[in-house]
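Throughout, numbering of the chain's residues begins at 1 and tracks the sequence.
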Amino acid sequence: DAGTPGISDPGAHLVDACLEAGLHVEVLPGASAIVTALVASGLPTDAFYFGGFLPRKPGERTRALARLADLDATLIFYESPGRAAATLATLSEVFAGRRAALARELTKLHEEVARAEVGELAARFADRPLKGEVVLLVGPPEGPRQLSLDEDAVRSHLREAEARGLTRRDAVREVAAALGLPRNEVYRVSVE
């Protein structure tokens with residue numbers, strides 16, 4: 001009842017210790033603030049990066065975020081309620097203009113999901129004390145999200161892969177990797 005053990009908590013150490021001791025580890029999916037916040041955010045869900053907790057020191061936090069600036073994915077971070085405002089301010093500097101969301105107290109009585117441009121979100125929460133777990137999300141860079149898609153070339157590659165005996169799923173995976181395209185777009189072409 002406390003989220004998914006092993007995701008940004010010491011549960012990972014327990015799993016490692018059990019495996020090292022030769023014990024069987026069985027995992028049952030449970031509540032996950034990462035996925036819940038991602039879906040509730042309204043940001044793209046096709047690709048996402050979970051960064052856990054960001055560094056506490058402002059300079060280290062800025063450098064860590066700068067390394068992710070070109071990542072074509074929704075970025076997800078955990079944050080303590082006391083540091084959320086400072087982290088939002090840093091997010092607004094590094095990712096200015098991007099869509100963002102703050103989710104807190106997910107699946108609980110006082111659940112809140114705030115969505116806005118990252119600078120607006122930072123301003124909204126700058127002086128507001130928060131309680132409970134906080135998940136911060138930043139959408140991917142705006143603009144073209146993929147390389148140009150030549151549907152005829154994709155169809156040709158798919159036919160060739162399937163002629164070699166690959167299943168549609170494997171053909172889509174192979175063609176997407178070969179052409180540097182998102183799998184969902186190659187799959188869309190394969191079923192049209």
Side-chain angles (χ1 to χ4, degrees), residues 3-4 6-8 12 27-54 64-79 84 87-88 90-107 111-122 133-162 166-192:
T4 301
I7 305 298
S8 286
V27 179
L28 298 175
S32 171
I34 301 162
V35 175
T36 304
L38 177 62
V39 173
S41 73
L43 297 169
T45 59
D46 57 323
F48 63 93
Y49 170 86
F50 174 60
F53 286 92
L54 289 165
L65 291 170
R67 288 190 295 271
L68 304 173
D70 294 326
L71 193 60
D72 189 17
T74 295
L75 309 175
I76 307 170
F77 305 100
Y78 284 164
E79 191 51 274
T87 300
L88 276 169
T90 306
L91 290 171
S92 70
E93 293 169 12
V94 177
F95 303 113
R98 291 198 197 178
R99 293 179 14 204
L102 177 146
R104 65 178 200 88
E105 291 295 276
L106 294 169
T107 73
E111 177 176 313
E112 177 181 19
V113 180
R115 303 164 190 88
E117 183 274 330
V118 68
E120 291 176 39
L121 209 56
E133 62 182 29
V134 176
V135 182
L136 300 173
L137 303 96
V138 178
E142 295 292 326
R145 297 204 53 198
Q146 64 190 46
L147 302 174
S148 63
L149 181 67
D150 179 348
E151 292 188 8
D152 290 334
V154 170
R155 282 188 197 90
S156 174
H157 280 69
L158 286 168
R159 280 192 295 272
E160 179 184 304
E162 289 175 346
L166 292 180
T167 64
R168 175 178 288 177
R169 179 181 177 191
D170 290 340
V172 165
R173 182 177 291 133
E174 179 181 289
V175 171
L179 299 178
L181 296 169
R183 275 189 283 190
N184 62 340
E185 285 299 306
V186 174
Y187 177 78
R188 179 187 58 77
V189 171
S190 79
V191 296
E192 285 181 350

- Who passes side chain to side chain contact (heavy atoms under 4.5 Å, CB included) against E117, sequence neighbours left out? E120

- Note on the structure: The reported gap from CD in E133 to OG1 in T107 (rounded to nearest 0.5 angstrom) is 7.0 Å

- Audit row: V135, L38, side-chain contact (heavy atoms from CB on, under 4.5 Å) steps and yes/no: CA-CA 9 Å; V135 182; L38 177 62; over 6 Å; no

- One should read off an interatomic distance between E111 CD and T36 OG1, to the nearest 0.5 angstrom, of 8.0 Å

- Message: For S41, give me all partners under side-chain hydrogen bond (donor to acceptor under 3.5 Å, both in side chains), at least two apart in sequence or on another chain.
- Response: none

- Distance, nearest 0.5 Å, that separates CZ of F50 from CD1 of I76: 7.5 Å

- Message: The criterion is side chain to side chain contact (heavy atoms under 4.5 Å, CB included); which residues satisfy it with V35, sequence neighbours excluded?
- Response: S32, V39

- Query: By side chain to side chain contact (heavy atoms under 4.5 Å, CB included), which residues pair with A122, not counting sequence neighbours?
  - Reply: L88, S92

- Exam field: side chain R99 to backbone G42, donor-acceptor pair closer than 3.5 Å: yes

- Task: Please lay out, stage by stage, how V134 and L102 fare under the test side-chain contact (heavy atoms from CB on, under 4.5 Å).
- Result: CA-CA 7 Å; V134 176; L102 177 146; 4.0 Å; yes

- Message: When you measure from the side chain of T74 to the backbone of T45, do you find a donor-acceptor pair of N or O atoms at a distance under 3.5 Å?
- Response: no

- At their closest point, which heavy atom of A69 faces which heavy atom of P141, and how far apart are they? O-CG, 3.9 Å

- Query: Rounded to the nearest 0.5 Å, how far apart are CZ of F95 and OG1 of T90?
  - Reply: 10.0 Å

- Return the set of residues passing salt bridge (charged side-chain N to carboxylate O under 4.0 Å, His left out) with E160 (not counting sequence neighbours), or none when no residue passes. none

- Within a radius of less than 6.0 Å around CZ of F48, do more than 12 heavy atoms belonging to other residues, nucleotides or ligands occur? no

- Query: Taking only residues two or more places apart in sequence or in another chain, which ones pass side chain to side chain contact (heavy atoms under 4.5 Å, CB included) with A66?
  - Reply: none

- Item | Gap separating the CG atom of L137 from the CZ atom of R98, nearest 0.5 angstrom | 13.0 Å

- Heavy atoms only: give me the nearest R168-Y187 pair and the separation to one decimal. CD-CE1, 4.1 Å

- Query: E93: what forms a side-chain hydrogen bond (donor to acceptor under 3.5 Å, both in side chains) with it, not counting sequence neighbours?
  - Reply: none

Which atom pairs, donor and acceptor, lie under 3.5 Å between side-chain atoms of residues 171-182 and protein residues at least two apart or in another chain?
| unit_1 | atom_1 | unit_2 | atom_2 | d |
| --- | --- | --- | --- | --- |
| R173 | NH1 | D170 | OD1 | 3.4 |
| E174 | OE2 | R164 | NH2 | 2.3 |

- Grab the two heavy atoms, one from A33 and one from L106, that are nearest each other, plus how far apart they are. O-CD1, 3.8 Å

- With sequence neighbours left out, the residues meeting side-chain hydrogen bond (donor to acceptor under 3.5 Å, both in side chains) with S190 are none

- Which residues share a side-chain hydrogen bond (donor to acceptor under 3.5 Å, both in side chains) with R155, sequence neighbours left out: E151, D152

- Message: Between R115 and A40 (side chain of the first, backbone of the second, donor and acceptor by atom type, cut-off under 3.5 Å), is there such a pair?
- Response: yes

- Message: A side-chain contact here means heavy atoms from C-beta on lying under 4.5 Å apart; do F77 and T87 qualify?
- Response: no

- For residues P140 and D72, report the shortest heavy-atom separation together with the two atoms involved. CB-OD1, 3.7 Å

- Spacing of L75 atom CG and L136 atom CG [to the nearest 0.5 Å]: 11.0 Å

